[in-house]
2 protein chains.
Amino acid sequence: MSKITIQEIADLAGVNKATVSRVINGNRNISEKTRQKVEAIMKQHNYVPNSIARGLAFNKTFTVGFCSDYTDKRAFANPFFYKVLQGIEEIVYNHDHMFLMMSDHDNKKSQSTFERVVVERRVDGLIIPNTLLNERNYDLLVKHDMPYVVTGENMLPRDGVPWVDIDNVQAGQILTEHLIDLGCREIMIYAGGAAAERDKFIADRMKGYRKTMGNHRLDIRIIEQAEVLKSLYGSKPLEPAGERRPEALICCTHEQLFEILDFEKGNPLLSEIALATFDDFPMSKYMRHPVHFVEIDLEMMGKEAARMLFSLMNKEPGVPKSVSIATRIGS
Amino acid sequence: MSKITIQEIADLAGVNKATVSRVINGNRNISEKTRQKVEAIMKQHNYVPNSIARGLAFNKTFTVGFCSDYTDKRAFANPFFYKVLQGIEEIVYNHDHMFLMMSDHDNKKSQSTFERVVVERRVDGLIIPNTLLNERNYDLLVKHDMPYVVTGENMLPRDGVPWVDIDNVQAGQILTEHLIDLGCREIMIYAGGAAAERDKFIADRMKGYRKTMGNHRLDIRIIEQAEVLKSLYGSKPLEPAGERRPEALICCTHEQLFEILDFEKGNPLLSEIALATFDDFPMSKYMRHPVHFVEIDLEMMGKEAARMLFSLMNKEPGVPKSVSIATRIGS
DNA sequence: GTGAAAGCGCTAACAA
DNA sequence: TTGTTAGCGCTTTCAC
């Protein structure tokens, strides 16, 4: 079954298929009588226009794509990553579009998936993580005039790249503020080696920390290596100020948090420190060492990205080129 | 740009577009010379056939869909759910198809997303969770002759529904076996009220437990309510056998595990018991109360589902109507 | 207000 | 081996 076409509906209704098309597309140049008749027939036969044919005629796919970074296995393995998808998905379907999800495999043959999707015009717009926006992909998008939005702050030195990210500076601030509220004064931040230089979001979180500590006239203490923590409890601490015991440690990423947690075993003194990090996860309340979290609304991030993309696709004027999403302390 | 069509390539090569089409589709009835010339032109102009037009001509979309159960918020919120997606995605793109992901919103207007996708033939095949295979959707799939595979054992009383699931009986067995290996003898299983009747996978896990306990001539102890655990340590235990202290407790789902963990706080005695459940998660090693896990290869489940779907789409003979995937004890 | 016809970009008979 | 022609199902001028 299911092969019912616009022509058959037209025949059944005794009209031309152009008329049926007008009904489908809500064209107003049509008598109420005809419209009703055609609609009745369509309903009766459960007629639904073939989206492929429509796409061909409109030169549109009514589909939005999301391309994840396959090389970054962690991203795909990260459960929270998917909250973003969920947010996107909701907006996309509210706009009566479909949602094509892919990861950027290099295909054995010829092109990467990303390239294929752009070049074949399988979608009308694309959302990609900032890690995927390199020179090559940027050029591809521009050349093919494909609307897109980047999740995570854009790192490519190009102007006008639309992106959506959480406000990492603000996140660093409220987390630090929260620890201060809790009574901590000696608050350290673990930046993990060169990570802060590589990843701007880490640098931003640190900036928020710095700012808040400054506001409260508290000393900034940045840890580069977990090993440093050991000496903090020695008889001769690194800090010239002497015996100031650290009370809290902010980890900029979950990986860093894990590193500290692993490190903790050989270092029981660490267990006296309040641990804190960004982005809660389901099992956090059952952890051996309690951890303070910032709540990051990744679903909102997905939604904002999708909204921005539709604005771009519709060529709406005055679309902001970037959106930062505020975070809050989890309850 | 990017608007280059088959016709223009044909003109450039001085041949008919049918000839170009033959080159594209690897038709062998073509001279090597012409093929080379056409291929050169295509390459030179980065020509890629428009997938929509191809789809229309072939009456195929080269796309496979996955529909998640939106009403089951837990499923979408469950991080592990996405490992399945990852598995599907890999197979789908290896088959040179696209992957359309959706959840089954009821659309404000007219139909549900699921229905739209099936009816508009947006995909050539569909993977859906068993929770979504109700009478209505089943009829829709059959009526529209849409190939599909179900993840999770099929619960709808229909024959020939193709499904992929993990082997829950086997999972129950190896988890029980593992606890026995660890020296536990008094092993309980927490089935959580009417859950076992509602969800077959719970019943299956219990079946595996029963079987293994029987093999080892150990007593089966099924807990229906967490409260029962309290009395086990009382002076007059419920069990007629008297003072047999439970040594391990198997929780059939993560929700049950959480329930027990929450319960544990008011019940310090519980902390002596070994806890076990199915399907590991990233943070498990940092939990206050160590938990034993069965490793469930959800990615494999996705892969098998996708493979089965392609077999169905290609009308291969002798496709097995269901696949059970073995689990193992995590390291 | 409605119909006829051309065309979206591609494939697939059928001829030559 | 290649070109011609007729669709695939829909939209959209342009007449009437």
Side-chain angles (χ1 to χ4, degrees), chain A residues 1-39 41-42 45-63 96 98 116 119-124 144, chain B residues 1-39 41-42 45-63 96 116 119-124 144-145:
Chain A
M1 304 293 97
S2 111
K3 291 233 150 198
I4 184 153
T5 74
I6 196 174
Q7 185 59 262
E8 307 183 55
I9 295 293
D11 294 348
L12 255 25
V15 298
N16 188 278
K17 57 180 186 164
T19 304
V20 179
S21 176
R22 290 190 185 100
V23 173
I24 293 170
N25 293 7
N27 191 315
R28 308 172 19 72
N29 284 342
I30 204 170
S31 72
E32 193 54 30
K33 201 179 113 210
T34 311
R35 137 160 296 118
Q36 305 235 330
K37 184 169 62 183
V38 171
E39 273 174 349
I41 305 273
M42 295 202 304
H45 292 264
N46 290 318
Y47 167 73
V48 176
N50 179 314
S51 61
I52 303 287
R54 274 186 116 214
L56 184 56
F58 273 129
N59 197 25
K60 281 195 58 175
T61 60
F62 305 101
T63 304
D96 273 321
M98 297 279 151
R116 270 182 56 196
V119 155
E120 292 180 14
R121 285 226 150 251
R122 298 288 296 231
V123 297
D124 299 332
H144 289 269
Chain B
M1 304 293 99
S2 112
K3 290 235 150 199
I4 184 152
T5 75
I6 196 174
Q7 186 59 264
E8 307 183 55
I9 295 293
D11 294 346
L12 254 26
V15 298
N16 189 280
K17 58 179 185 165
T19 304
V20 179
S21 175
R22 290 188 184 101
V23 172
I24 293 170
N25 292 22
N27 191 314
R28 307 173 18 71
N29 287 340
I30 202 170
S31 75
E32 194 52 32
K33 201 177 112 213
T34 312
R35 137 160 295 118
Q36 306 234 330
K37 186 169 60 183
V38 171
E39 273 174 348
I41 306 273
M42 294 201 305
H45 292 264
N46 289 320
Y47 166 72
V48 176
N50 179 313
S51 61
I52 303 286
R54 276 186 113 212
L56 185 57
F58 274 129
N59 197 26
K60 279 195 58 175
T61 61
F62 304 102
T63 303
D96 273 321
R116 271 183 56 196
V119 156
E120 291 180 15
R121 285 227 149 250
R122 299 286 297 228
V123 298
D124 299 332
H144 290 268
D145 203 24

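Numbered from 1 within each chain, the chains take letters A, B, ... in sequence-line order. In this text, all values refer to a predicted model and were calculated from it rather than measured experimentally.
- Within residues 26-38 of chain A, no residue approaches DNA chain D, by heavy-atom distance under 4.0 Å.
- Counting only distance, with no hydrogens or angles, the side chain of B:Arg116 and the backbone of A:Val48 share no donor-acceptor pair below 3.5 Å.
- Taking CZ from A:Phe62 and CD1 from B:Ile52, the interatomic distance works out to 9.5 Å, rounded to the nearest 0.5 Å.
- Two residues are said to be in side-chain contact when any heavy atoms from C-beta on lie closer than 4.5 Å; A:Asp124 and A:Met98 fail this criterion.
- B:Ser51 is linked by a side chain to side chain donor-acceptor pair (under 3.5 Å) to nothing, counting only residues two or more places apart in sequence or in another chain.
- With sequence neighbours excluded, the residues forming a side chain to side chain donor-acceptor pair (under 3.5 Å) with A:Gln36 are A:Glu32, listed by chain and number.
- Residues that satisfy the side chain to side chain contact (heavy atoms under 4.5 Å, CB included) test with A:Ala53, not counting sequence neighbours, are A:Asn50, B:Leu56.
- Scored by the salt bridge (Lys or Arg N to Asp or Glu O under 4.0 Å) test, A:Glu39 finds A:Arg35 as partners (sequence neighbours excluded).
- A 4.0 Å heavy-atom criterion places the boundary nucleotides of DNA chain D facing chain B at D:dT1 to D:dG9, written 5' to 3'.
- Sequence order on DNA chain D of the closest nucleotides to A:Arg22 and B:Arg22 puts B:Arg22 first from the 5' end.
- With a heavy-atom cut-off of 4.0 Å to chain A, the contacted part of DNA chain C has its first and last nucleotide at C:dG1 to C:dG9.
- A pairwise comparison of heavy atoms in B:Tyr47 and B:Thr5 identifies CE1-C, 3.7 Å as the closest pair.
- Inter-residue side-chain proximity for B:Arg122 and B:Thr61 is flagged as unmet; no heavy-atom pair is nearer than 4.5 Å.
- For B:Gln7, there are no side chain to side chain donor-acceptor pair (under 3.5 Å) partners, not counting sequence neighbours.
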May I have the list of side-chain donor-acceptor pairs in residues 11-27 of chain A shorter than 3.5 Å, sequence neighbours left out?
| unit_1 | atom_1 | unit_2 | atom_2 | d |
| --- | --- | --- | --- | --- |
| A:Asn16 | OD1 | A:Ala18 | N | 2.7 |
| A:Asn25 | OD1 | A:Arg54 | NH2 | 3.0 |
| A:Asn27 | OD1 | A:Asn29 | N | 2.8 |

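- Near DNA chain C, defined here as any heavy-atom distance below 4.0 Å, the residues from residues 52-59 of chain A are A:Leu56, A:Ala57, listed numerically.
- End-to-end axis angle of the helix from C:dG1-D:dC16 to C:dA16-D:dT1, using five pairs per end and rounding to 10°, comes to 40°.
- Counting non-hydrogen atoms under 4.0 angstrom, B:Val15 reaches the backbone sugars and phosphates but no base.
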